[in-house]
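Presented below is the structure to which this report refers.
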Amino acid sequence: MDEALKASRLDIDTLCVNTVRTLAIDAIQKANSGHPGAPMGLAPAAYVLFTRIMKHNPMNPDWLDRDRFVLSGGHASMLLYSLLYLTGYGLSLDDLKSFRQLGSRTPGHPEFGLTPGVETTTGPLGQGFANAVGMAIAERHLAAVFNRKGAEIVDHNTYVMCGDGDMMEGITSEAASLAGHLGLSRLICIYDDNGISIEGSTAITFTEDVARRFKAYNWQVLTVSDGNDLAAIETALRKAGAEITQPSLIVLRTEIAFGSPNKQGSAEAHGAPLGAAEVCLTKECLGCSKDDEFCVPIEVLEKCRECIAKGEQAEVEWQNRFKHYNKTYPDLAERWVNAVSGFIPEGWDADLPKFSPSDGPLATRAASGRVLNAVAEVLPTLVGGSADLAPSNKTFIDGAPEFQKNVGGGRNLRFGVREHAMGGILNGMFLHNGVRPYGGTFLVFADYMRPAIRLASLMNLSVIYIFTHDSVAVGEDGPTHQPIEHLTSLRIIPRLTVIRPADAAETVEAWRQAVATTGPVALILSRQKLPVLDRTRYAPANGLKNGAYILSDAKGQPDIILIASGSEVHLALAAQEALAAEGIATRVVSMPSWELFQKMPTSYKERVLPHAVGRRIAVEAGHPIGWDRYVGSQGKVIGISSFGASAPGAAVMEKFGMSADNIVQEAKQLMG
Ligand SMILES: Cc1ncc(C[n+]2csc(CCOP(=O)(O)OP(=O)(O)O)c2C)c(N)n1
């Protein structure tokens, strides 16, 4: 490159980088809210990534073979919005001007599904990092399944930017450890090593050697000592891209709020607007006109929008590759199209297992394992595993290989004892597209992954959770392993569907529901064996789809209604018989899912739980809160609001009133 050209390129690059900075500070100043520091420090790296490195097509943010970009430190959202605007993702300057305002496409933290180009919702630190690991796992898996020599249709990287906060969070350590173990070489992380978080210098809290930590995780670690050195950033990114055995971490030394004469390097710039005066000073410092707001020099826009032509060209090349692939491997191509469109074949559930009382008692987790295997036969996109509890959670797909470093096509993931990362990774896998992820652990440890479950719900991701060992009936392991408040606490997460089947047949229906549901579903399964209900005597299990159904009715108008979920349904049925012997007409309602029941029309709800029958008892071996909604003011809830106890499961259930006898006593009291 001749010197003059080099100089002009440098100028335009600097101008572009500074425009990213000024757009961020203007939007944050106008909103009088936001985080200017990180966008100002990271502007050069983000600019290099978007304009020189990443394979993306702003005209088609959903192009399947695009590189993924995750901004794990979601508070730096204006960095992403500025880049998306400048590179042509269809955001307007007006969108930037309405940063953080009601109904805008530029919310405080990036939200998936709202802004074109935003790959995931980030804000809770560390989640984005785990999402990126999930995306890289999905890429690796799909590449192994679909690519053929000379016909690589899955061929992209996942980039994630994160800061000190992400690095401090445990989920990042868990996810990074797994990524290193798996050798996810197409995962590249830029770590904004600015030494500042909210309370000040990281010297007060975070003094470990991150580079050595990641080396120990089996990552390639590169360092760029000047966050403004575009060439060094580009070189590091290219080196990371060329690595084929390990994920890469680029430790990028930056200064928070770079360009602000009075706030650069200071925690003050982390989460507050610079202030009008400082904005002017900063613009002067950066060589921009101090009086112009949201100023975008035409040459900056032209330069950044080169991404469009480049991206379109890249996508056309991919389309051509896919055409060739389609001709050469029509079956695979069809399978690919099905996978990425989330297609579920007609009649997919025709051959799910059928259970009857003659099968003998069966834990719902065991039934689930069998159903999972049947689903896996017809749904090749089903990929998942457990956080080191596969033998207990029954999450293994028999006969399918494990996903390991050199076995990308494996469908059985081994998450290790990393529940939180598992949650974030499942989200990333689904966000990537092409796989239907599931993950299992004990219900009591759902707490360890709750932030990720919340985000799956917020984004409405169709992730399936397999939570087993669902009550104090777990037994000997004692209170630490006995869920109490977990069912209730999962049920209050908006959009999450929680299903707790009563027997093997309901478990089949629960899976049928889970696969067909858009959005996250938690299956809550027993450790202990439960009888398979005789459906010639009781209502069919497909009533589960309605959330609650009359399992066994009284002859004539019931005096009392017993409502139960999961293992307690059997106690309610036994109580019904005992009460009948005493002349008390009892209806038993199996209620595996509040959320599904809530969606039913009022007329159905009234049929199952008629107002006229005010005497109702809900029975569930979990916290009673919330059941009052179904038992009403005259009803009772038999639940557990203390911690459990270490003893054989049956003894613990008895101790906490989970018995037919106790239900009968309570029912008789209610009858007066
Ligand atoms: C899980 C979680 N805890 C706390 C916060 C609040 N928070 C937002 S940013 C931040 C500090 C992050 O520091 P760093 O990553 O260094 O960002 P920088 O100061 O460089 O912008 C904190 C504590 C959060 N968003 N998520």
Side-chain angles (χ1 to χ4, degrees), residues 20-21 24-25 27-28 33-46 70-82 99-100 107-112 120-132 160-176 189-208 210-211 213-214 224 227-228 249-260 263-274 282 419-421 423-424 427 447-456 458:
V20 173
R21 291 180 167 127
I25 61 178
I28 291 164
S33 157
H35 302 74
M40 296 168 78
L42 279 170
V70 175
L71 182 66
S72 193
H75 61 279
S77 56
M78 265 315 302
L79 174 72
L80 180 53
Y81 300 148
S82 299
F99 178 53
R100 292 189 158 224
H109 292 81
E111 291 181 29
F112 172 69
T120 177
T121 296
T122 50
L125 295 170
Q127 295 291 334
F129 186 95
N131 293 165
V160 52
M161 268 189 176
C162 66
D164 297 304
D166 294 283
M167 283 299 172
M168 286 189 240
E169 288 290 353
I171 186 173
T172 303
S173 304
E174 293 178 18
C189 175
I190 297 176
Y191 162 38
D192 181 19
D193 182 17
N194 65 15
I196 294 287
S197 65
I198 290 181
E199 293 189 17
S201 161
T202 52
I204 59 174
T205 47
F206 189 52
T207 47
E208 73 201 29
V210 174
R213 177 177 139 206
F214 272 69
V224 175
N228 286 315
L249 178 76
I250 298 172
V251 179
L252 180 71
R253 302 258 152 75
T254 70
E255 280 203 76
I256 196 164
F258 181 87
S260 160
K263 304 219 167 157
Q264 184 172 321
S266 148
E268 247 185 277
H270 162 87
L274 296 183
T282 303
E419 295 84 2
H420 198 180
N427 291 350
D447 283 348
Y448 268 54
M449 52 191 295
R450 187 175 179 83
I453 300 175
R454 182 173 195 273
L455 281 165
L458 181 56

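Order of listing sets the numbers, starting from 1, for every ligand and every atom in it. Treat the numbers as computed from the prediction; the structure is a model and nothing was measured.
- Between Pro124 and ligand 1, no pair of N/O atoms sits closer than 3.5 Å.
- Atom CD of Glu199 sits in a sparse spot, with 12 or fewer heavy atoms from other residues, nucleotides or ligands closer than 6.0 Å.
- With Thr254, Thr122, Ile196 as candidates, the residue nearest to atom 16 (O) of ligand 1 on a non-hydrogen basis is Ile196.
- Only one option out of Thr172, Thr202, Val251 pairs with Met167 in a side-chain contact (heavy atoms from CB on, under 4.5 Å); it is Thr172.
- Here is the list of ligand 1 atoms found below 4.0 Å of a heavy atom in Gly163: 15 (O).
- A tilted orientation is assigned to the rings of His75 and His270, their planes being inclined by 30° to 60°.
- Inspection of the Ser77 and Arg100 side chains reveals no N or O donor paired with an N or O acceptor under 3.5 Å.
- Here the shortest heavy-atom distance to atom 26 (N) of ligand 1, taken over Leu42, Leu125, Leu79, belongs to Leu125.
- At a 4.0 Å heavy-atom cut-off, ligand 1 does not touch Thr202 at all.
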Steps toward side-chain hydrogen bond (donor to acceptor under 3.5 Å, both in side chains) verdict (Asp192, Thr254):
CA-CA 6 Å; Asp192 181 19; Thr254 70; 2.4 Å; yes
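- Protein heavy atom at the shortest distance from atom 7 (N) of ligand 1 is Ile198 CD1, 3.8 Å.
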Pair Gln127-His420, side-chain contact (heavy atoms from CB on, under 4.5 Å): steps then yes or no
CA-CA 9 Å; Gln127 295 291 334; His420 198 180; 2.8 Å; yes
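- Looking only at distances, a side-chain donor or acceptor of Ser82 sits under 3.5 Å from a matching main-chain atom of Met78.
- Atoms of ligand 1 found under 4.0 Å from any heavy atom of His75, numbered from 1 in the order shown, are 9 (S), 17 (O), 18 (P), 21 (O).
- Close approach of ligand 1 to Gly123 is summarised as follows: ligand atoms under 4.0 Å from at least one heavy atom of the residue are 24 (C), 25 (N), 26 (N).
- Among Met167, Glu169, Met168, the residue whose heavy atom lies closest to atom 1 (C) of ligand 1 is Glu169.
- Taking a 6.0 Å sphere around CZ of Arg454, one finds it holds 12 or fewer heavy atoms contributed by other residues, nucleotides or ligands.
- The shortest N or O to N or O distance between His270 and ligand 1 is below 3.5 Å.
- Only the side chain of Asn194 comes within 4.0 Å of ligand 1, counting heavy atoms alone; its backbone N, CA, C and O stay farther away.
- Residue Ala38 approaches ligand 1 through these ligand atoms, each under 4.0 Å from one of its heavy atoms: 21 (O).
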Val210 and Leu249: CA distance, side-chain angles, deciding distance, side-chain contact (heavy atoms from CB on, under 4.5 Å) verdict:
CA-CA 10 Å; Val210 174; Leu249 178 76; 4.2 Å; yes
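- Scanning the protein heavy atoms around atom 13 (O) of ligand 1, the nearest turns out to be Ser197 CB, 3.3 Å.
- The protein non-hydrogen atom at the shortest distance from atom 15 (O) of ligand 1 is Gly165 N, 2.7 Å.
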